[in-house]
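In each ligand, atom 1 is the first atom listed, and ligand 1 is the first ligand listed. Atoms considered below: every heavy atom in the structure, side chains included; atoms not considered: hydrogens, waters and symmetry mates.
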Amino acid sequence: MQASIRHDWTLTEIQDLFKLPFNDLLFKAQTVHRQHFNPNEVQVSTLLSIKTGACPEDCKYCPQSARYDTDLEKEKLMEVEAVLEKARMAKKNGSTRFCMGAAWRNPKDRDIPYIVKMIEGVRDLNMETCMTLGMLSKEQAITLKNAGLDYYNHNLDTSPEFYGEIITTRTFQDRLDTLENVRSSGMKVCSGGIVGMGEKANDRAGLLKSLANLSEHPDSVPINMLVRVEGTPMADNEDFDHFEFIRTIAVARILMPKSHVRLSAGRTEMSEEMQAMCFFAGANSIFYGEKLLTTENPEANQDMTLFKKLGIEPEKREGYSDEVTEAALLETVTEAQAPSLFYDAAAN
Ligand code: SAM
Ligand code: DTB
Ligand code: SF4
C-alpha cells in the first residue's frame, strides 16, 4: 500500500522511527522510496559561490561569517560571464542543475539585475537553476521566479528549540517567512538542515518535523553533515555518528516520500560504502563537482565511478535532453573498480 503524504507528524512518531532497528528502518525507507522514485537514479546539482565571505550573520557553523577568522578569501559578487563559464563546465561534466550561493543576509535591490542575468544565462544553457541568497521578500521572490529561477534553497538548519544556540542574527520564523515567500511565488522549495552541530537526537527529530509539517513538503531536502572549519566555533566538534546520519536520511525519506533527499555537505568524510547506504536509505540527490561553496567535495570522476559501481545513473529530467550527462558517464572504468560491469553473458 502506498504511504500517504502527511503534514501532521508528531515528535513521538518521528522519535519512534529513529528508534527502529537499523535494518527495519532502512527497509521501510527503501520501500517508501521505491513507491515514488527509480531507486537507481540520483539527481546531480553543482554549486558555485557567486559571492564569498564577509557575511554579517553569525551562523556558528559557517566559514563565511565575518565574525570568525577562517582564512577565507573574500570575493565580491562575480561577473555574470564568469558565472556562466562555470555553469558551462558543470554541464559538460554531466550536471543538470546549477545552484548559485551568496554570503548575504539577503540580496539588495542593486544586486537583483545581475542575479537576473545569471538566472537567464544558466537557463539558456538548458540547465535547471537554483539560488541561495539568504532571506527573500515576496517581491524579490516574484522577480526571481519571473527571471526563470526554478529552485530557491533556504535551510531551517535545525530544530526551533536548538536554533537560538546556532544563529542569533535571524530567527527561525524569518526562515519560515522566506520559505513561504518562495513557495507562494511558484518556485520550488529546497530546504533542509545540518547534523553534527552538537544538537540532541530530539533536535534532529524536531528539524525533520518542522520540514515535514510545512504546508507543502520542500521539493528538495538537503541533509548536510557539518563540515568543521578551522576558526568557526564548531571547528572542534566531535565526529558525528555515521549510523545516526544514515538514520536521519531514512527518516527524512519516510516523512517526505516525494521529495528529493540530498546527501549534501560532508561527503569527503564518508566512505563509498557509507554513501551507498545513504542511497539505500532514500537519498537521491547529491552536490556534484569538486567544491561545495567554500569547502571540498569529492571529485566528479570519483562520483561517476561510484555511480557505475552501484549501477546508479544521473536522473534524467522531464522535457530536457540530457545527452551530456550520458556522455560524462561513458568514460572508462576498470574491471578492478567496478567488477559488476564485466560479467559477460556469452562467456559460458
Ligand atoms: N547566506 C545564505 C543563507 O544562509 O541562507 C546562503 C548560503 S549558506 C552557506 C547555505 C547553507 O549552507 C546554510 O544554510 C547551511 O545549512 C549550509 N552550510 C553552511 N556552512 C556549512 C558547514 N560548515 N557545514 C555544513 N553545512 C553548511
Ligand atoms: C545546502 O544545504 N548545502 C549547500 C547548499 N545548500 C548551498 C552548502 C554547503 C556548504 C558547506 C560549507 C561550504 O562549502 O562553505
Ligand atoms: Fe552568512 Fe549564510 Fe554563512 Fe549564515 S550560512 S553566515 S547567512 S553565508
Side-chain angles (χ1 to χ4, degrees), residues 45-68 70-75 77 97-108 111 115 130-136 140 151-158 163 166-172 174-179 181-182 189-199 207 211 218-237 240 245 248 252 260-270 283 285-298:
S45 299
T46 296
L47 273 173
L48 175 69
S49 178
I50 59 171
K51 191 267 160 193
T52 304
C55 182
E57 303 290 285
D58 70 350
C59 316
K60 284 204 174 69
Y61 49 75
C62 186
Q64 304 204 66
S65 167
R67 302 176 192 230
Y68 318 127
T70 58
D71 238 9
L72 187 72
E73 281 294 323
K74 302 171 193 63
E75 285 165 29
L77 183 62
R97 188 179 306 162
F98 198 60
C99 179
M100 294 158 269
W104 284 331
R105 175 177 164 80
N106 53 267
K108 309 274 178 305
D111 302 316
I115 294 296
C130 174
M131 285 200 160
T132 179
L133 314 171
M135 293 189 286
L136 223 52
Q140 287 175 325
Y151 288 82
Y152 196 80
N153 166 245
H154 197 66
N155 290 338
L156 293 182
D157 277 350
T158 191
Y163 183 88
I166 306 295
I167 301 145
T168 68
T169 48
R170 69 166 75 133
T171 64
F172 196 82
D174 288 333
R175 290 185 183 253
L176 294 173
D177 292 346
T178 290
L179 292 183
N181 293 341
V182 172
V189 170
C190 171
S191 188
I194 312 178
V195 301
M197 298 193 293
E199 73 283 347
L207 164 69
L211 292 166
D219 301 271
S220 302
V221 180
I223 305 293
N224 296 277
M225 189 165 83
L226 175 73
V227 181
R228 292 166 291 189
V229 180
E230 207 56 56
T232 63
M234 296 192 170
D236 298 322
N237 272 28
F240 187 69
F245 185 85
T248 309
H260 278 79
V261 175
R262 183 171 305 121
L263 169 55
S264 304
R267 287 199 299 121
T268 54
E269 301 268 315
M270 298 177 196
S285 171
I286 57 168
F287 286 123
Y288 171 68
E290 71 233 29
K291 203 127 184 236
L292 290 164
L293 289 172
T294 66
T295 64
E296 303 296 305
N297 200 35

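In this structure, the protein non-hydrogen atom closest to atom 26 (N) of ligand 1 is I194 CD1, 3.6 Å. Nearest protein heavy-atom neighbour of atom 16 (O) of ligand 1: D157 OD1, 2.7 Å. Scanning the protein for heavy atoms near atom 12 (O) of ligand 1, the closest one is N155 ND2, 4.5 Å. Protein heavy atom nearest atom 24 (N) of ligand 1, with residue, atom name and distance: V227 N, 3.0 Å. Ranking the protein heavy atoms by distance from atom 8 (S) of ligand 1 puts L293 CD1, 4.5 Å first. Nearest protein heavy-atom contact of atom 21 (C) of ligand 1 is Y61 CD1, 3.7 Å.
When heavy-atom distances to ligand 2 are checked against a 4.0 Å cut-off, L293 comes that close through both its backbone and its side chain. Proximity of T132 to ligand 2, defined as any heavy-atom pair under 4.0 Å, is confined to the side chain (atoms from C-beta onward). At a 4.0 Å heavy-atom cut-off, ligand 2 does not touch V229 at all. Neither the backbone nor the side chain of K51 comes within contact range of ligand 3; no heavy atom lies under 4.0 Å.
The option with the heavy atom closest to atom 13 (C) of ligand 2, from among N297, I194, T232, T294, is T294.
The closest side-chain donor-acceptor pair between D157 and Y61 falls under 3.5 angstrom.
Residue contact check for ligand 2: Y61 places no non-hydrogen atom closer than 4.0 Å to it.
The distance from ligand 2 to the heavy atoms of P222 drops below 4.0 Å at these ligand atoms: 2 (O).
By the 3.5 Å distance cut-off applied to N or O atoms, N224 is counted among the residues near ligand 2. Remark: ligand 1 and C62 share no N or O pair separated by less than 3.5 Å (distance only, no angle test).
Taking 2.8 Å as the criterion, C59 does not count as a coordinating residue of atom 3 (Fe) of ligand 3, since none of its N, O or S atoms falls below it.
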